[in-house]
Every structure is written in structure tokens, then in C-alpha cells.
Amino acid sequence: ALKSTVILKGNILVRYLAMITAYSIFTNLSAGMGTETIAANGLLLQIVLLSQFTVNGIGLTTQTLIGNFKGKGKTEQMMPLLSVAMFASLVISLMFASVSIMFPEMVFTLLTSHNEISSNAIAYMTWLLPLLCCGAVAFVLEGYVIGLKESAKLRNSALVALGFGFVPTAWFAWYFQSNSLLWFSLTMYMATLAISLGIKIWGIQTSQNLSWQNES
């Protein structure tokens, strides 16, 4: 039991390290593109992190409930829970993105008094929509996978997202000195993570359905 717990926590740690690495590279590349870029991206990241922290709460709840359902053998309740959690997380993310895009001056007034920085940030505001939505899906799927104690799949998905979703596009962003590509790289990280986890969950559900059919 101790070994299983250590492995679970270790894989979750790798997931956090992969995400921290992506955000660290994003911040360092932003700094390399100039003071105005790092300041604008810093403002937008405040909105991103606030939304993701909120959605992560839904992911943690999903993790707990999925673990309970698995322990009690109530597997038929897992997919309905996933659907509800996905809907709730997307609604929250869309609210954050929509309010920021429709009322940027109001939002940025709360974050800074420098109009120049706000103007630069507004130019990249639309990236919040795909980034936050992909992140919402990814965090809920992470909770689902952790609840099933399939932490190796979480670890592998995070490494795939970092190595194949984020790093190549971040390199192109640095090469072309494009802040839009830099935001695209962060979006690709979340999208790749969500897709990878979705494929793994589909495989888990398929194998479970086959085992239930064999037992019946």
C-alpha cells in the first residue's frame, strides 16, 4: 500500500513539474521578447491562473468522487459524473474568458494602472478562450484518471504534452519572436494534454466494458 501511494504521488509530482516547466519556459521566452511583452503576458497569466485554480477545484472533486465510486463498485456513475464536471468546468472557463474579452478595460483596471501594458495585453486577449477551455477539459480528465489511480497515464500524458505539444511550438515562437505563437504553444500544451488523457480514458472504459461483458 505504501509503495502504491509513493508511486501515485511521484507520478502526480511529475505532472506538476511538467506544467511548471511549461509556464517557466513561457515566462522566460516572454521576457526575452521585451519588457512590454513580459508585462502584458504577466497580466493575462493572472487571469489564466485564476481560472485554472477555480477549475482545478472541480478536478479535485472529480478525483475524490471517482475514487469513491471505484471503491464502492459504482462504476456506472463515473461517466455521468465526468459529463457534469466537464460541463461545469467549461462554463466557468467560458465565463472567465468571455468577461475578459468583452470587458478588458474593466478587468485590467483591477490588475494594473498602466494603460500601455493593458493595451498590449488586449491584443492577445482572444487566446484566453481556447487556452482556458482546453485547460478546463484537461484538469477534469486529470481528476478522473487520478481517481482511478491510473497515475502513470497522467504522468505520460503530461510528458507528451510538454515534449510534443509545447516545446516545438515554443521554439518556433522564440525563433520568429512571435508572442501569438507563444500563446499558441501554451494552448497546445493544454490541448495535447486533454487529447492524450481522453484517449487513455477511452481505452480504460473500453477494457472495462469488455471485462464486464466477459463476466456476464
Side-chain angles (χ1 to χ4, degrees), residues 15-59 88-142 157-196:
R15 174 264 183 191
Y16 277 108
L17 290 176
M19 181 170 291
I20 290 171
T21 299
Y23 277 105
S24 297
I25 294 174
F26 177 89
T27 302
N28 288 334
L29 293 182
S30 297
M33 293 181 187
T35 304
E36 293 182 354
T37 299
I38 183 62
N41 287 356
L43 279 182
L44 291 174
L45 278 179
Q46 296 302 311
I47 301 172
V48 171
L49 294 176
L50 181 60
S51 173
Q52 290 181 348
F53 284 145
T54 305
V55 170
N56 197 41
I58 298 177
S89 62
L90 283 172
V91 167
I92 291 173
S93 296
L94 285 171
M95 287 176 57
F96 273 98
S98 299
V99 170
S100 300
I101 292 171
M102 291 188 296
F103 309 104
E105 291 83 4
M106 180 188 73
V107 172
F108 286 134
T109 298
L110 301 174
L111 299 175
T112 182
S113 59
H114 298 283
N115 294 329
E116 300 83 0
I117 298 175
S118 299
S119 299
N120 291 332
I122 289 173
Y124 304 99
M125 183 74 79
T126 52
W127 282 107
L128 292 177
L129 188 59
L131 175 59
L132 295 185
C133 288
C134 289
V137 173
F139 287 142
V140 171
L141 294 180
E142 284 182 342
S157 294
L159 293 176
V160 167
L162 179 64
F164 296 96
F166 176 78
V167 171
T169 48
W171 183 88
F172 279 108
W174 173 252
Y175 183 81
F176 291 107
Q177 290 292 288
S178 170
N179 196 34
S180 291
L181 280 177
L182 193 57
W183 279 102
F184 178 65
S185 69
L186 205 55
T187 303
M188 281 297 297
Y189 174 86
M190 292 298 177
T192 306
L193 179 60
I195 292 171
S196 179

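Between the side chain of S93 and the backbone N or O of L90 there is no donor-acceptor pair closer than 3.5 Å. A donor-acceptor contact shorter than 3.5 Å is absent between the side chain of S196 and the backbone of L193.
With sequence neighbours excluded, no residue forms a side-chain contact (heavy atoms from CB on, under 4.5 Å) with T109. The side chain to side chain donor-acceptor pair (under 3.5 Å) check on S118 picks up nothing, with sequence neighbours excluded. Residues satisfying the ring pair (Phe, Tyr, Trp, His ring centres under 6.0 Å) test with Y175, not counting sequence neighbours, are W171.
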Exercise. Checking side-chain contact (heavy atoms from CB on, under 4.5 Å) for the pair M33/L182: CA distance, chi angles, key distance, verdict?
Worked result: CA-CA 10 Å; M33 293 181 187; L182 193 57; 4.1 Å; yes
Exercise. What do the steps show when you test T192 against F166 for side-chain contact (heavy atoms from CB on, under 4.5 Å), and what is the final call?
Worked result: CA-CA 8 Å; T192 306; F166 176 78; over 6 Å; no
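Atom-to-atom distance recorded for E36:CD and S119:OG is 10.0 Å, nearest 0.5 angstrom. Once rounded to the nearest 0.5 Å, the distance linking OH of Y189 with OG1 of T21 reads 8.0 Å. In this structure, CG on L49 lies 11.0 Å from CG on L44, to the nearest 0.5 angstrom. Note that CG of N120 and CG of L43 are 9.5 Å apart. Values are rounded to the nearest 0.5 Å. Rounding to the nearest 0.5 Å places CZ of F164 at 12.0 Å from CE of M188. Rounding to the nearest 0.5 Å gives a distance of 8.0 Å between OG1 of T169 and CG of L181.
Among pairs with a residue in residues 40-56, those fulfilling side-chain hydrogen bond (donor to acceptor under 3.5 Å, both in side chains) read Y23-Q52, S30-N41, N41-N179, N41-W183, at least two apart in sequence or across chains.
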Please tabulate, one pair per line, all N/O donor-acceptor pairs under 3.5 Å involving side-chain atoms of residues 121-137, not counting sequence neighbours.
none

Compile the donor-acceptor pairs under 3.5 Å between side chains in residues 97-107 and protein atoms, sequence neighbours left out, one pair per line.
residue: S98; atom: OG; partner: L94; partner atom: O; Å: 2.7
residue: S100; atom: OG; partner: F96; partner atom: O; Å: 2.8

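A pairwise comparison of heavy atoms in L162 and A18 identifies CD1-O, 3.9 Å as the closest pair.
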